[in-house]
K.L.:
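The structure that follows is given in the form of structure tokens.
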Amino acid sequence: MFAIVLGTLLNPLNSSMIAVALVQLHRDFKVDLGTSTWLVSAFYLSGAVGQPLMGRLADLLGARRVFLPGLAVAGIVALVAPLSPSFGWLVAARVVQALATSAAYPSGLGMIRAASGGGRIPAQALAMMSVAASVSAAFGPTIGGFVLSFAGWQGIFLVNVPFTVLGIVLGLRWLPSPPPSDTAGAGLAGLDLPGVLLFAGTLTSLLAGLLSIGSPAAWYLLGTVPVLAALLVVRELNCNTPFFDLRFLAANPVLIAVFVQFAATTFVFYSLFFGLPIWLEEVRGFDARTAGLLILPLTGLGVLMTPLAATLVSRKGTRPALVIGSAFMVAGSALLLTFGPATPVLVLIAVGVVLGVPNGFNNMGLQAALYEAAPPERTSWAGGQFQTFRYIGAILSSTLLAAVFKQRGSTEGLQAIAVVLTVVSVALIVASVAMRAARTKRAVSLPQAP
């Protein structure tokens, strides 16, 4: 598990750690600050496509055979990226880094499935992965700032090297080597490359369009989405081994519900994670360090709640954890409507505590629900799609913040965000209450090729 955790923390760590280096990078490479944000956007877009691709490869080739090469490529990129001769080369390195680190979560989930023998939900193992992802994403900017202070932006890449080396050493010694779970795919011959390209094009156009809203390019990008999506549907319905298996998903509504709930949960979290500091700094006048401390309950409490959620899942199943998490999310989002220029600091902290609880319960509950809903032969692919919906939620939150705050943070803007998050949170609690036990899903098999 330690080897798997070392791999799974790299993707969220690198997605957030780069944030503190953007100013220095824009100065060193002499690009404008807006251009420097492509280091973040390119990583998001590549990761959103890379997660399900690496998951499918893990199902076809074997999880360990994808996990270890992913770590190796991530380590090589970490060594090469600091030598980038231009900004374009650095963006390319981030794309490869996103693809390489995308291998760990879906293949790790596949190895956990193989090692557990398909019995009860391995709640503690899933909790370790959840905590690793939450901690690395939440504390990425702090770690990045520390590294940046004595090693420059190059150090933000080099910090990956010890993680990848240790992960490979431990992985070679301890990780199980399960056979391919999808034996019907016949190895790489079963990879639907046209489906992968159409899926990548559709998703990239959608996410890049959302990131570009406000510019003319957004409408061109969003306009291509229905065309590419239609081509994807035609291709996948006529392919014997589809990458984005529409028939499989239609037969698995619980799995679709898990994906959508995860996107909504991530949307709420990132809207708060990035939106609250803006309001705290621009309206309340706190400096960046104080604002970071004030939102610490939002990020840190989820880590403490995850073991409790794992215990609850082990004893009662996934639904109680999801209901508890969603209920706290409703309460916390509604309490944001009371925030104003004179709200006492203790109240700000207390609401942060309420909003921190859902991170542990919802993330743990949804990972366990994913494990239950995904059939063994598609575990890694489902894990990859699960992470894709995390990126979708994150990018949707960026779109909301850009639309509401526009020029600067304001209390009116925060309250508008609170209304949106309350509506989404109410929908989540309804979905959590309505969710049926997914164990019956295992009886549904993958449609056979004619």
Side-chain angles (χ1 to χ4, degrees), residues 46-67 69-70 99 102-103 105-114 118 177-207 224-260 370-389 391-392 438 440-450:
S46 302
V49 174
Q51 294 274 359
L53 174 60
M54 295 302 167
R56 183 63 179 144
L57 289 174
D59 286 335
L60 292 172
L61 304 176
R64 188 174 187 264
R65 294 178 180 176
V66 173
F67 183 92
L99 292 172
S102 291
Y105 180 85
S107 56
L109 197 63
M111 286 185 283
I112 290 172
R113 165 82 79 178
S177 185
S181 58
D182 185 2
T183 55
L188 278 179
L191 182 64
D192 171 25
L193 188 56
V196 171
L197 294 175
L198 285 170
F199 175 82
T202 304
L203 192 60
T204 301
S205 296
L206 173 63
L207 299 184
T224 64
V225 172
V227 177
L228 292 171
L231 293 173
L232 176 64
V233 169
V234 172
R235 165 66 192 181
E236 301 306 81
L237 290 178
N238 291 280
C239 180
N240 290 337
T241 57
F243 171 71
F244 193 67
D245 196 335
L246 296 171
R247 291 189 177 93
F248 167 74
L249 288 172
N252 292 265
V254 174
L255 194 58
I256 297 174
V258 170
F259 291 158
V260 174
L370 171 74
Y371 186 89
E372 277 191 312
E377 69 273 14
R378 286 296 184 93
T379 297
S380 294
W381 176 84
Q385 292 289 354
F386 185 71
Q387 292 300 317
T388 291
F389 277 82
Y391 286 107
I392 291 173
T440 56
K441 170 63 203 71
R442 293 185 179 178
V444 181
S445 60
L446 184 67
Q448 297 298 311

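Basis for what follows: all heavy atoms, side chains included, without hydrogens, waters or symmetry-related copies.
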K.L.:
With sequence neighbours excluded, what pairs up with Ser205 under the side-chain hydrogen bond (donor to acceptor under 3.5 Å, both in side chains) test?
P.N.:
Thr224
K.L.:
Atom OG in Ser46, atom CG in Leu207: separation rounded to 0.5 Å?
P.N.:
11.0 Å
K.L.:
When you measure from the side chain of Glu236 to the backbone N and O of Pro242, does any donor-acceptor pair fall under 3.5 Å?
P.N.:
no
K.L.:
Can you measure from CG (Leu255) to CZ (Phe248) and round to the nearest 0.5 angstrom?
P.N.:
5.5 Å
K.L.:
Do the side chains of Pro178 and Met111 get nearer than 4.5 Å, heavy atoms only?
P.N.:
yes
K.L.:
Could you tell me which non-hydrogen atom of Gly110 sits nearest to which non-hydrogen atom of Ser380, and how far apart they are?
P.N.:
CA-OG, 3.6 Å
K.L.:
Who pairs with Gln385 by side-chain hydrogen bond (donor to acceptor under 3.5 Å, both in side chains), at least two apart in sequence or on another chain?
P.N.:
none
K.L.:
Looking only at non-hydrogen atoms, find the nearest pair between Pro52 and Ala48 and report the distance.
P.N.:
CD-O, 3.2 Å
K.L.:
What are the two closest heavy atoms between Ala103 and Gly70, and how far apart are they?
P.N.:
CB-CA, 4.1 Å
K.L.:
Evaluate the criterion side chain to side chain contact (heavy atoms under 4.5 Å, CB included) for residue pair Leu203 and Leu228; output intermediate values, then yes/no.
P.N.:
CA-CA 9 Å; Leu203 192 60; Leu228 292 171; over 6 Å; no
K.L.:
When rounded to the nearest 0.5 angstrom, what is the spacing between OG1 in Thr204 and CZ in Phe199?
P.N.:
9.0 Å
K.L.:
Which heavy atom of Gln51 sits nearest a heavy atom of Tyr391, and at what distance?
P.N.:
CG-CE1, 4.1 Å
K.L.:
Once side-chain contact (heavy atoms from CB on, under 4.5 Å) is applied, do any residues pair with Ile256, and if so which ones, sequence neighbours excluded?
P.N.:
Leu249, Val260
K.L.:
So, the side chain of Thr379 versus the backbone of Pro376: is there a donor-acceptor pair under 3.5 Å, distance only?
P.N.:
yes
K.L.:
Could you pull out all residues at least two apart from Leu237 that satisfy side-chain contact (heavy atoms from CB on, under 4.5 Å)?
P.N.:
Val233, Leu246, Arg247
K.L.:
What pair of heavy atoms forms the shortest contact from Arg378 to Arg56, and how long is it?
P.N.:
NE-NH1, 3.5 Å
K.L.:
Can you say whether the rings of Phe386 and Tyr105 are parallel (under 30°), tilted (30 to 60°) or perpendicular (over 60°)?
P.N.:
parallel
K.L.:
Which pairs would a plain distance check flag for residues 189-198, meaning a side-chain donor or acceptor within less than 3.5 Å of a matching protein atom at least two apart in sequence or in another chain?
P.N.:
unit_1	atom_1	unit_2	atom_2	d
Asp192	OD1	Gly195	N	3.1
Asp192	OD1	Arg235	NE	3.0
Asp192	OD1	Arg235	NH2	2.7
Asp192	OD2	Phe243	N	3.2

K.L.:
Test of understanding: with side-chain contact (heavy atoms from CB on, under 4.5 Å), list the residues that count as partners of Leu206, not counting sequence neighbours.
P.N.:
Leu210, Leu222, Val225
K.L.:
Which atom names give the shortest non-hydrogen contact between Gly383 and Pro106, and what distance separates them?
P.N.:
C-CB, 4.2 Å
K.L.:
About how many Å separate CG of Asp245 and CH2 of Trp381, when rounded to the nearest 0.5 Å?
P.N.:
7.0 Å
K.L.:
Can you list the steps and then say if Thr241 with Leu60 is a side chain to side chain contact (heavy atoms under 4.5 Å, CB included)?
P.N.:
CA-CA 11 Å; Thr241 57; Leu60 292 172; over 6 Å; no
